[in-house]
Amino acid sequence: MRLRSGIKLGQIAGIEIDVDWSLLVIFGLIAIMLARGVFPTWHPAWPAATAWGTALAAAVLFLLSILLHELSHALAGRLVGITIRRITLFIFGGMSHMENEPPSWRAELVMALAGPVASLVLGFVFLLLASLAAGTGAMVDNPREAIATLSPLATLLLWLGPVNIVLGIFNLVPGFPLDGGRALRALMWAATGDLARATRWASLGGQGFAWLLMGTGILMIFGMHLPILGGGIVNGLWLALIGWFLNNAALASYRQLLVRESLEHVPVSRLMQTNLVSVSPDTRVSQLLDEILIPSGQRAFPVQQDGHLLGMVFLGDLHRLDRAKWQETPVARAMVPVSGLMAVEPGRDAMEALSILASEGFNQLPVMDNGALLGILRREDVLTWLAWHGKRD
């Protein structure tokens, strides 16, 4: 899946880091919870500015902890042959975008466990640093008074430690596509030798866990109180939303595998459109839209002159032109030149092409070989092929 909103923070070890705008929600919730609830309870004498400053720092460090969790997945995946070029941080945590399925169950297991192990190690490191920053053994004798005397640094470290440990343990729950669910899929894959069957079983386990979360969240909304989880409308609604997200993610992950296996080894040349209507560079935009568009059924047109491809004009680009100037504007003014075209080769797997279409938000891609245009691969043609030839549950 592609989360397209948000901003790009940059790259770490060649891995692109995206931040979805929804991350602001969880950042705000954590900061408010700590500044107005947790820290005033721990430190009644703290002024509001200290509580808010420590809360904001803790929220930032927690999000960085999630980033390190996902980076561990990505770097471990790279070592075992899984391509991950992008990480997205969003409201429910993080997502490492795999461009290919693991080559073996061992690779899946290594990548799946890397994130929780990183979170657990990080949690214990934070607790160790908190004890060093506290510099006293009084916490064992009278924890409440000892916490009240902690500095802001020791306080945020003390909060970050258990939170990262809980994060690591929660991700080990055997519910696909959580890390524990991926580890379970790896073991099932090892036992059956069938990735699709293992994914199906792990996905069902993930859906079952998701429905358990949603049901528990609904009961909490109506008054049930649980140890650790607590109760109330806010906690219950949050738990139900996490369950809903996990259920959708489990279904999407299994369907993505079916799509990948259906399109594997299917060349782009088998699905592309080859009977294309071309236009000359001096064709007016109004002529293209009034006389050529409807009969051709195309949404992209090659622009050629004397048998040479100059570029392509896409209907989406024409919307940016002034309608009053359509009659006098040649398509050459609106076309994407050959040098700027993102194209695929005819022998490339259709799954790779579909990934490009999805990630870039395109509806079609030119199919080119040594600079020659052979056809156009449209998203709808891939979906039509899947409807007739795709694997089913």
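Computed from a predicted model, the values in this text were never measured in an experiment.
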Under a 4.0 Å threshold between the charged nitrogen and the carboxylate oxygen, would Glu16 count as salt-bridged to Lys8?
yes
Is the closest basic N to carboxylate O distance between Arg185 and Glu108 below 4.0 Å?
yes
Name each donor-acceptor pair under 3.5 Å that joins a side chain in residues 201-210 to protein atoms two or more places apart or in another chain, with its distance.
unit_1, atom_1, unit_2, atom_2, d
Ser203, OG, Ala250, O, 3.0

Test log, rule side chain to side chain contact (heavy atoms under 4.5 Å, CB included), inputs Leu127 and Ile165:
CA-CA 10 Å; Leu127 286 179; Ile165 292 173; 3.8 Å; yes
So do Leu56 and Leu34 actually touch side chain to side chain, heavy atoms under 4.5 Å?
no
Testing the basics here: between Gly375 and Leu373, what is the closest heavy-atom pair and its distance to 0.1 Å?
O-CD1, 3.4 Å
For the pair His73 and Asp179, evaluate side chain to side chain donor-acceptor pair (under 3.5 Å) and give the outcome as yes or no after the intermediate values.
CA-CA 9 Å; His73 283 309; Asp179 301 331; 3.0 Å; yes
Between CZ on residue Phe176 and CG on residue Leu246, distance to nearest 0.5 Å:
11.5 Å
Considering non-hydrogen atoms only, spot the tightest contact between Leu374 and Pro346 and give its length.
CD1-CG, 3.7 Å
What is the distance from atom CD1 of Ile66 to atom CD1 of Ile87, rounded to the nearest 0.5 Å?
12.0 Å
Output the distance between atom CG (Leu71) and atom CD1 (Ile12), rounded to the nearest 0.5 Å.
5.0 Å
Could you state whether Val173 and Ile169 fall into the same hydrophobic cluster, counting links through intermediate Ile, Leu, Val, Met, Phe, Trp or Tyr residues with side-chain heavy atoms under 4.5 angstrom apart?
yes
Rounded to the nearest 0.5 Å, what separation is found between the CG atom of Leu276 and the CD atom of Gln298?
5.0 Å
Apply salt bridge (Lys or Arg N to Asp or Glu O under 4.0 Å) to the pair Arg378 and Asp381, showing each step before the final yes or no.
CA-CA 5 Å; Arg378 304 182 303 179; Asp381 296 324; 2.8 Å; yes
Can you confirm whether more than 12 heavy atoms, excluding those of Asp322, are under 6.0 Å from its CG atom?
yes
So do Leu341 and Met368 actually touch side chain to side chain, heavy atoms under 4.5 Å?
yes
Which pairs pass side-chain hydrogen bond (donor to acceptor under 3.5 Å, both in side chains) with one or both residues in residues 29-51, sequence neighbours excluded?
His43-Thr155
Could Arg299 and Glu380 be called an ion pair, given the rule that one side-chain N must be under 4.0 Å from one carboxylate O?
yes
Could you give the distance from CG (Leu167) to CG (Leu120), rounded to the nearest 0.5 Å?
8.5 Å
Test side chain to side chain donor-acceptor pair (under 3.5 Å) applied to Gln364 - qualifying residues, sequence neighbours left out
none
From OG (Ser119) to CZ (Phe170), nearest 0.5 Å
12.0 Å
